[in-house]
Amino acid sequence: MGHVLEKVLADVCARWFRLKGDEVRFQIGTDEHGIKIQRTAEKEKLSPQDLVDRNVPLFQELYKKLNVSADVFIRTTDQKMHWPTVEALWKKLQDSGALEKRSYTGLYCQGCERFLTKKELVDGKCPIHLTPPEEVTEQNWFFKLKEQETWLKKILKDEYKIIPDFRAKETLSLLDQGLEDVSFSRPKTSLAWGIPVPDDTEQVMYVWCDALTNYISGLGYFTDHAESKFWDDATVTHVIGKDIARFHALIWPAMLKHAGVKIPDQLLIHGFLTSDGQKMSKSLGNVVHPPEVLEHFKGNPDPLRFYLSHEIPVGNDGDFSWERIDALYNSMLRNNIGNLLNRVLTLITKEGGDMQLDTKQSGVETWEAFAKDMDAMNISDAIRHPAALADESNKLFNDRAVWKLETAEKKVQLSFVAERLRHIALMLLPFIPDTAQKISKQLGVSYADKMLDKDFTIDAWKGWGADKKWTKVGTPEILFAPLEEAK
RNA sequence: CGCGGGGUGGAGCAGCCCGGUAGCUCGCAAGGCUCAUAACCUUGAGGUCGCAGGUUCAAAUCCUGCCCCCGCAACCA
């Protein structure tokens, strides 16, 4: 579920900037190397490659169902697109003197097949296997991170913006505690499943140089540079989980510095999801699988997208609960927005279906505030603007008792609310694209068919009464069906 | 003294940076409306804002101390 939060968050941002007319390159991917994959494959009697080839399409499928509008999906096992960049980067690091081969001595547990830290030990023994670990020495390539401390402090203050703020502070305090050099490779004997170190047949790259590099390998870096303008001339934003934040904040810019590549501009760090207030874990049996949520809403990704956007302030941990998502679906989507659309359209249709919009006074004042929140990626705040507008419109509908008015005035009032709904749909477009389009289609606006195209922009449509060709509304349909008896 | 987040009506949260009638969603109660997806609108009940001190004319909001919950503690993704 965590990765879904991340992809939806990134997708909402990507869609927003596209809608603003920016050129956007939205990349996601999978890190498919490492000892865990290797071991799982052994257990299942598969080759590691077969294992990831089986699993990765499942993720891709899921993202597609969630309407994640990624332009590129990078797999770290992709030897054509990914590996050449990684190898080139490694060499650049080596040439710049950032890498050094050293021997590393650690406490190795045979049962776990990995090094343990002193703090993990209980009475000097591995807590899982209850055996004392042995001292093992192996050769590793190390990346000299420590010497970048001062530089990192500087760029984290001035150039590399971490969102939210408290994470930036956290990272800086991490720097104050001092950095260690980082192991960048493993002997083939302990890690076979990875990218071989160039010119060193005994060593395989460890995760950092491999996985982090996906951001630029997807742009053709060091090879054909096909899309490198999306790095060099763009605002680069990484969207990641708090668990890997420090590596993105520290190791990655240091690597880029050595390679002579621009450092990223922003690091958006999101929190984790709990399930009914508890950490999701297999032993507790409270893990929520995204496909279940999709199925719960009949394959419609929008309730989940809306939930994640609405309930979880960017950067904080959030909670997933079936009760909450149902409640939000009913109150916001169904009763507030869906019902408003329906009552308006039904009445307009009874009056012949014509729009009679008074274009003199605007009924939408929230675009500026909305755009400000979106630009700052405060998506949980941003999404409240269209919701509030719908809320207000329901009130207005009652206050003015629109259904009782005389025909002429009734048409004007109905058109007023319909026009508001047009704006609501535009604001919702980054969050729940399918629904936003459905609303627009029912309203009958002229651009409804084009809304989901990647080159659709909203600027021309933000004005009050901007859609001059809009004269008639479409047929009202139920936007969000009632939920069946809850699970 | 490891680091960070949090403790606000029954539930989930906002407000705290930039002190001054405690707000939102859900739930609950009463009323209204009937255009609409038993939806929509209004009103109400319910909070000593974790605890204890301090600053101030005034503190949920600033300062100090304490208690409780939750993550992370570095190569392990």
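Below, read A as the first sequence line, B as the second, and so on, with proteins coming before strands; counting in each chain starts at 1. This structure is a prediction, so every number in the text was calculated from the model and none was measured.
- Across all strands, Lys242(A) comes closer than 4.0 Å only to sugar-phosphate atoms, never to a base (heavy-atom distances).
- Stacking of Lys410(A) on the aromatic ring of Trp403(A) is not recorded, the 6.0 Å distance cut-off and the 45° axial limit not both being met.
- Between the base of C75(B) and the side chain of Trp208(A) there is a donor-acceptor pair shorter than 3.5 Å.
- By the salt bridge (charged side-chain N to carboxylate O under 4.0 Å, His left out) test, Glu392(A) is found to be paired with Arg420(A), residues two or more places apart in sequence or in another chain being considered.
- In this structure Glu32(A) satisfies the salt bridge (charged side-chain N to carboxylate O under 4.0 Å, His left out) test together with Arg75(A), sequence neighbours excluded.
- Residue Asn398(A) places no side-chain atom within donor-acceptor reach of the base of C33(B), judged by atom type and a 3.5 Å distance cut-off alone.
- In this structure, His310(A) places its NE2 atom 13 Å from P of C13(B), rounding to the nearest Å.
- Under the side chain to side chain contact (heavy atoms under 4.5 Å, CB included) criterion, Lys153(A) pairs with Leu172(A), Leu175(A), Asp176(A), sequence neighbours left out.
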N/O-N/O pairs, protein side and nucleotides 22-29 of chain B side, under 3.5 Å:
none

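- For Lys404(A), a side-chain nitrogen or oxygen approaches OP1 or OP2 of U34(B) to under 4.0 Å.
- When the side-chain nitrogen and oxygen atoms of Arg400(A) are compared with OP1 and OP2 of C33(B), none of them lie within a distance under 4.0 Å.
- Checked against a 6.0 Å centroid threshold, the rings of Trp208(A) and Phe143(A) do not count as neighbours.
- Checking A77(B), C35(B), U37(B) against every side-chain atom of Thr346(A), the shortest atom distance belongs to C35(B).
- In this structure, Gln38(A) contributes its side chain and Pro48(A) its backbone to no donor-acceptor pair below 3.5 Å.
- Under a cutoff of 6.0 Å and an axis angle of 45°, Arg334(A) and Phe480(A) do not form a cation-pi pair.
- Within 4.0 Å of Leu479(A), counting heavy atoms only, lies at least one base atom of the nucleic acid.
- Using a 4.0 Å heavy-atom cutoff across all strands shown, Asn342(A) reaches at least one base atom of the nucleic acid.
- Pairing each heavy atom of Phe320(A) with each of Tyr307(A), the nearest pair is CA-OH, 3.6 Å.
- With sequence neighbours excluded, the residues that form a side chain to side chain contact (heavy atoms under 4.5 Å, CB included) with Glu202(A) are Asp200(A).
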Once Watson-Crick and G-U wobble pairs under 3.5 Å are found, how is RNA chain B written in dot-bracket notation, 5' to 3', with | for any base paired to another strand?
.(((((((.[[[[.)....(..]]]].(((((.......))))).....[[[[[..)....]]]]])))))).....
